[in-house]
There are 2 protein chains.
Amino acid sequence: MAAEPVTRGRPREFDPEEALSAALQVFWTRGYEGASLAELTEAMGITKPSLYACFGNKEALFHKALDLYERDKLCYMRSALDAPTARGVAERLLRGTLQIQTGGSDPRACLGVISMVACTTQADSIKTDVIARRASSDKALVERLERAKAEGELPAGIEPAAIATYLTAVIQGMGVQASGGATPAQLEQLVETTLAMWPTA
Amino acid sequence: MAAEPVTRGRPREFDPEEALSAALQVFWTRGYEGASLAELTEAMGITKPSLYACFGNKEALFHKALDLYERDKLCYMRSALDAPTARGVAERLLRGTLQIQTGGSDPRACLGVISMVACTTQADSIKTDVIARRASSDKALVERLERAKAEGELPAGIEPAAIATYLTAVIQGMGVQASGGATPAQLEQLVETTLAMWPTA
DNA sequence: CGCATTATATACCGATAAGTATGAAATCCG
DNA sequence: CGGATTTCATACTTATCGGTATATAATGCG
């Protein structure tokens with residue numbers, strides 16, 4: 001990180017980090033295609049030319065917002081894999097998801113879920129990006145569960161990849177429920193139920 | 001159903017049922033907001049004025065398409081509740097969902113899931129409608145599971161409402177996975193895993 | 001100060017969105 | 001055949017979309 005390399009010309013009057021954070025909130029509530037530049041610039045407190053000069057265009061802005069989202073909101077996913085048991089991993093993932101979904105004013109799905117389900121028209125590269133990121137985190141989860149299986153934590157008949165897909169589906173389904181107006185209590189109950197069903201070796 | 005009440009004036013040159021079915025396909029692949037009138041009329045084989053005369057407007061068309069969707073695609077949900085055991089209900093629901101998701105060219109989420117997650121901007125009434133329909137079918141599922149519990153099918157510690165929410169979440173999560181490019185084989189595996197985890201009394 | 005440079009604000013661009021006005025074409029009733 | 005009626009096809013309206021041209025304001029450097 002080269003701190004303030006050179007500052008020639010008129011200095012910019014906004015903080016790109018703050019602006020990006022505001023953009024993330026808009027994308028998270030509206031989705032990529034549902035977020036208009038008018039709403040984005042309004043929330044970011046800047047004008048369109050400033051946005052384009054600083055972030056490129058709407059698509060590049062979204063990718064940067066997704067970076068921020070992973071860094072700020074999905075960090076629990078990496079640390080969840082450090083749990084001592086497979087069940088602990090599942091519990092951390094479920095509770096972490098619950099936390100980010102119920103953290104704001106009203107529950108909403110993970111931004112990745114929204115982007116995967118909602119982007120259709122021209123936002124192919126958005127969807128591709130999200131799917132690739134998801135695949136990468138899924139891979140890490142599968143590897144962790146393979147270790148768990150090697151350590152005898154999982155029943156013989158259950159594939160690590162299968163249980164990873166299953167857990168991911170529950171987590172994504174939780175996001176859909178959140179989008180559909182589920183209360184935090186209902187989402188918490190969903191976490192408990194899922195944990196109650198977790199297999200024992 | 002009054003069959004052909006009166007036919008005065010120029011007869012319409014298309015079949016409303018067929019046109020609606022075509023519209024449903026477009027809504028299903030693009031979502032409500034992602035489906036443009038241009039694409040809809042193209043797929044339906046009619047012009048915009050014909051669409052407006054026959055169906056009202058885009059929103060009314062969507063509600064009618066949703067009716068058709070429930071009638072044609074979600075009928076398995078009602079019959080699933082007739083299964084003799086709670087586990088049988090779950091299996092029918094999961095396999096029925098799998099079937100409609102993998103029936104087309106490539107897997108896609110339930111239209112309800114897409115609408116709940118994706119509709120944000122102005123489509124509030126769409127979302128409200130979908131949520132209400134979902135609540136109604138959820139209610140039926142809860143009642144069925146309450147019966148199962150009364151018959152001793154479910155473990156003591158598990159609430160019928162909780163397990164209904166859980167099952168719905170898995171089904172919706174399956175839709176997200178389908179949207180995210182999961183293969184039919186992966187989705188089938190998800191069904192199997194979920195059934196393997198189903199609680200036994 | 002004067003100049004190069006960068007960011008700002010306003011106004012604009014073509015494309016597309018949903019929805020409609022208008023007139024011609026096709027039917028039934030008399 | 002001649003209205004009355006309904007549908008059809010084309011062209012249009014207004015608003016908004018993402019993106020940009022242009023001109024002005026604010027800085028560092030010399």
Side-chain angles (χ1 to χ4, degrees), chain A residues 2-20 22-23 26-27 30-65 115 118-127, chain B residues 2-20 22-23 26-27 29-65 115 118-126:
Chain A
E4 312 298 331
V6 191
T7 81
R8 226 165 37 183
R10 179 173 175 174
R12 93 162 33 103
E13 298 174 358
F14 64 95
D15 178 2
E17 287 288 325
E18 274 179 39
L20 187 59
V26 175
F27 280 131
R30 300 286 188 197
Y32 175 71
E33 295 176 307
S36 72
L37 281 188
E39 197 173 1
L40 285 166
T41 52
E42 160 92 26
M44 298 167 82
I46 64 179
T47 61
K48 279 192 283 184
S50 295
L51 190 157
Y52 277 79
C54 186
F55 300 103
N57 59 11
K58 187 185 175 184
E59 184 177 325
L61 176 65
F62 183 82
H63 290 295
K64 290 185 170 78
S115 306
C119 291
T120 51
T121 311
Q122 27 106 320
D124 228 22
S125 89
I126 300 291
K127 198 165 169 174
Chain B
E4 311 298 331
V6 192
T7 79
R8 225 166 37 186
R10 177 173 176 174
R12 86 161 39 103
E13 299 174 357
F14 65 95
D15 177 2
E17 286 288 326
E18 274 180 39
L20 187 60
V26 176
F27 280 130
T29 53
R30 300 285 188 199
Y32 174 70
E33 294 177 307
S36 71
L37 281 188
E39 199 173 1
L40 284 165
T41 53
E42 159 92 28
M44 298 167 83
I46 64 179
T47 62
K48 278 193 281 184
S50 295
L51 190 156
Y52 277 80
C54 185
F55 300 103
N57 59 12
K58 187 184 175 184
E59 184 178 325
L61 176 66
F62 184 82
H63 290 295
K64 291 186 170 77
S115 306
C119 291
T120 52
T121 310
Q122 27 105 320
D124 229 21
S125 90
I126 300 292

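All heavy atoms count here, side chains included; hydrogens, waters and symmetry mates do not. Note on naming: letters A, B, ... go to the chains in the order of the sequence lines (proteins, then strands), and numbering restarts at 1 for each one.
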Side-chain (Thr41(A)) to main-chain (Leu37(A)) donor-acceptor, under 3.5 angstrom: yes
Out of dA17(C), dA25(C), dG19(D), whichever nucleotide has its closest atom nearest the side chain of Ser36(B): dA17(C)
Candidate nucleotides dT27(D), dT6(C), dT6(D), ranked by approach to the side chain of Arg8(B) - the nearest: dT6(D)
Specify the separation, in whole Å, of atom [atom1] of [X] and atom [atom2] of [N].
X: Glu13(B); N: dA24(C); atom1: CD; atom2: P; value: 17 Å
X: Leu61(B); N: dG19(C); atom1: CG; atom2: P; value: 10 Å
X: Phe62(A); N: dG18(D); atom1: CZ; atom2: P; value: 14 Å
X: Glu39(B); N: dT16(C); atom1: CD; atom2: P; value: 13 Å
X: Lys58(A); N: dT16(D); atom1: NZ; atom2: P; value: 15 Å
X: Phe14(A); N: dA9(C); atom1: CZ; atom2: C1'; value: 14 Å
X: Glu42(A); N: dC17(D); atom1: CD; atom2: P; value: 12 Å
X: Arg30(B); N: dA18(C); atom1: CZ; atom2: C1'; value: 18 Å

Minimum side-chain heavy-atom gap Leu20(B)-Leu61(B) below 4.5 Å: yes
Heavy-atom side-chain proximity of Lys127(A) to Ser115(A) below 4.5 angstrom: no
Of residues 44-57 of chain A, the positions that come close to DNA chain D - non-hydrogen atoms, cut-off under 4.0 Å: Lys48(A), Pro49(A), Tyr52(A), Asn57(A)
Whether Phe14(B) and Phe55(B) hold their rings parallel, tilted or perpendicular, with breakpoints at 30° and 60°: tilted
Under 3.5 Å donor-acceptor pair, Arg10(B) side-chain atoms to dT27(C) base atoms: no
Base of dA7(C) paired with side chain of Arg12(A) (donor-acceptor, under 3.5 Å): no
Electrostatic pair Arg30(A)-Glu33(A), nearest N-O below 4.0 angstrom: no
Residue closer to the 5' end of DNA chain C, Gly9(B) versus Pro11(A) (nearest nucleotide): Pro11(A)
Between NZ on residue Lys58(B) and CD1 on residue Ile126(B), distance to nearest 0.5 Å: 8.5 Å
Shortest non-hydrogen contact from Val26(B) toward Ala35(B): CG1-CB, 3.8 Å
